[in-house]
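Scroll down for the structure; my scribbles are underneath it.
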Amino acid sequence: MSSFSKAGHVVSLLNKSDFKILKVFASSLKNHQFLNLSTLSQYSNLGQSLVKHHLERLVKFGLIGKSNLGFTLLVTGLDIYVLKILANRNVIDAIGPQIGIGKEAEVFLARNSLNHDKIVKLFRIGRSSFKQIKRKRDMSSGSSTWLILNIETAKKEYDILKYLRNSSISFPNPLYRSFHCIVMEPIYGTRLSEVVNLDNPQSILEKIIESMRIAYHKGYINGDLNEYNIVVNDDNIFILDWPQAVRTDTINAEEVLMRDVRNILKFFSRKFNIERDIGKTIDIIKKSESQISDGLNSTNF
Ligand SMILES: Nc1ncnc2c1ncn2[C@@H]1O[C@H](COP(=O)(O)OP(=O)(O)O)[C@@H](O)[C@H]1O
Ligand SMILES: [Mg+2]
């Protein structure tokens, strides 16, 4: 069972004081890897024996880890806490099947109280390397460093999406962020990697390039652009997955842009026999709106 499906089940078993204690852990992540009984009692306003009782439950459910350094919040603990926040704030009401599992995130279909579909993306950056570290060092390193990295990454993607979405609907529409989780509007369609045939592959490629151009002029390059992060629906394209995006003014921006363009052109060449020059494509992406319309005007005459 994935961490979040387990969260969906366990959330119903927890009571108010369990959540109060989870909240103390979540809000002190940045400052404390481990918490002891007296700190927890102080922050939660619950007596030590009550805290002990709830901690035992949270440890049993696999939400809190225990070591000789103290108690620490585990990934499932933060998943549960986030799920509760999303429900309390009426962002989502129910969590459904997992629809995507990548190296960096687990993605679920969810519903709000009006029965509208939503997407829940939970960050799992560096999951495999973290597991190795954890195995080697047991609990002594805690999981908070890893959780903080995932929270910061979720925040980065949320901010970029909010900013990009103003300019084009070809980027996901972010609705809410809490800790390591982003809630978005769903994008319906097929991942480019799974598309068997396209009516007009040339026009789809043009649209991808146009979206890259829009993002570039807003100051961003996706940095992980490939057929797995593009969704196609009829004539529309959507570019997902922006946590690794780089600013166009960073030192290696040119290299990153070149890699993204090369990935896409390679895919269209392999699958649809469309050949396009990398350099010329990069020139188009760097052209502003007015330079493009100037170009159009001159070819019209
Ligand atoms: N807004 C969305 N609507 C529909 N499906 C999505 C959405 N966001 C992500 N997905 C699905 O989840 C998969 C993984 O999401 P992605 O953002 O690419 O994360 P990562 O690849 O880092 O795990 C995507 O390939 C896509 O199938
Ligand atoms: Mg992806």
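When a ligand or atom number is given, it counts from 1 through the structure's own listing order. Just so we're clear, the structure is a prediction, and the values are computed from it rather than from any experiment.
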Nearest-contact summary for atom 1 (N) of ligand 1 - protein heavy atom, Å
E185 O, 3.2 Å

Which atom, counting only N, O or S, brings D241 closest to the Mg ion (ligand 2)?
OD2

For atom 5 (N) of ligand 1, what is the closest protein heavy atom, and at what distance to 0.1 Å?
I99 CD1, 3.7 Å

Determine whether the side chains of N36 and T39 contain a donor N or O and an acceptor N or O closer than 3.5 Å.
yes

the protein heavy atom lying closest to atom 13 (C) of ligand 1 turns out to be G100 CA, 4.1 Å

Can D224 and N229 be counted as having a side-chain donor-acceptor contact under 3.5 angstrom?
yes

Please say whether A105 places an N or O atom under 3.5 Å from an N or O atom belonging to ligand 1.
yes

Side-chain donor/acceptor of K121 to backbone N/O of I182, under 3.5 Å
no

Report the part of Y228 in contact with ligand 1, treating N, CA, C, O as backbone and CB onward as side chain, heavy atoms under 4.0 Å; options are side chain, backbone, both, neither.
backbone

Return the closest protein heavy atom for atom 14 (C) of ligand 1 as residue, atom name and distance.
V107 CG2, 3.8 Å

How far is atom 27 (O) of ligand 1 from the closest protein heavy atom, and which atom is that?
R191 CD, 3.8 Å

Does an N or O anywhere in I187 fall below 3.5 Å from an N or O of ligand 1?
yes

Please identify which atoms of ligand 1 are closer than 4.0 Å to at least one heavy atom of E104.
22 (O), 23 (O)

Give me the residue, atom name and distance of the protein heavy atom closest to atom 17 (O) of ligand 1.
K121 NZ, 2.7 Å

In terms of the angle between their ring planes, are F272 and F267 parallel, tilted or perpendicular, with boundaries placed at 30° and 60°?
perpendicular

Establish, from distance only, whether the side-chain atoms of S17 and N15 form a donor-acceptor pair under 3.5 Å.
no

With heavy atoms only and a cut-off of under 4.0 Å, state how V231 meets ligand 1: side chain, backbone, both or neither.
neither

When distances are taken from atom 20 (P) of ligand 1, the protein heavy atom at minimum range is D241 OD2, 3.5 Å

The closest protein heavy-atom partner of atom 24 (C) of ligand 1 is L240 CD1, 3.8 Å

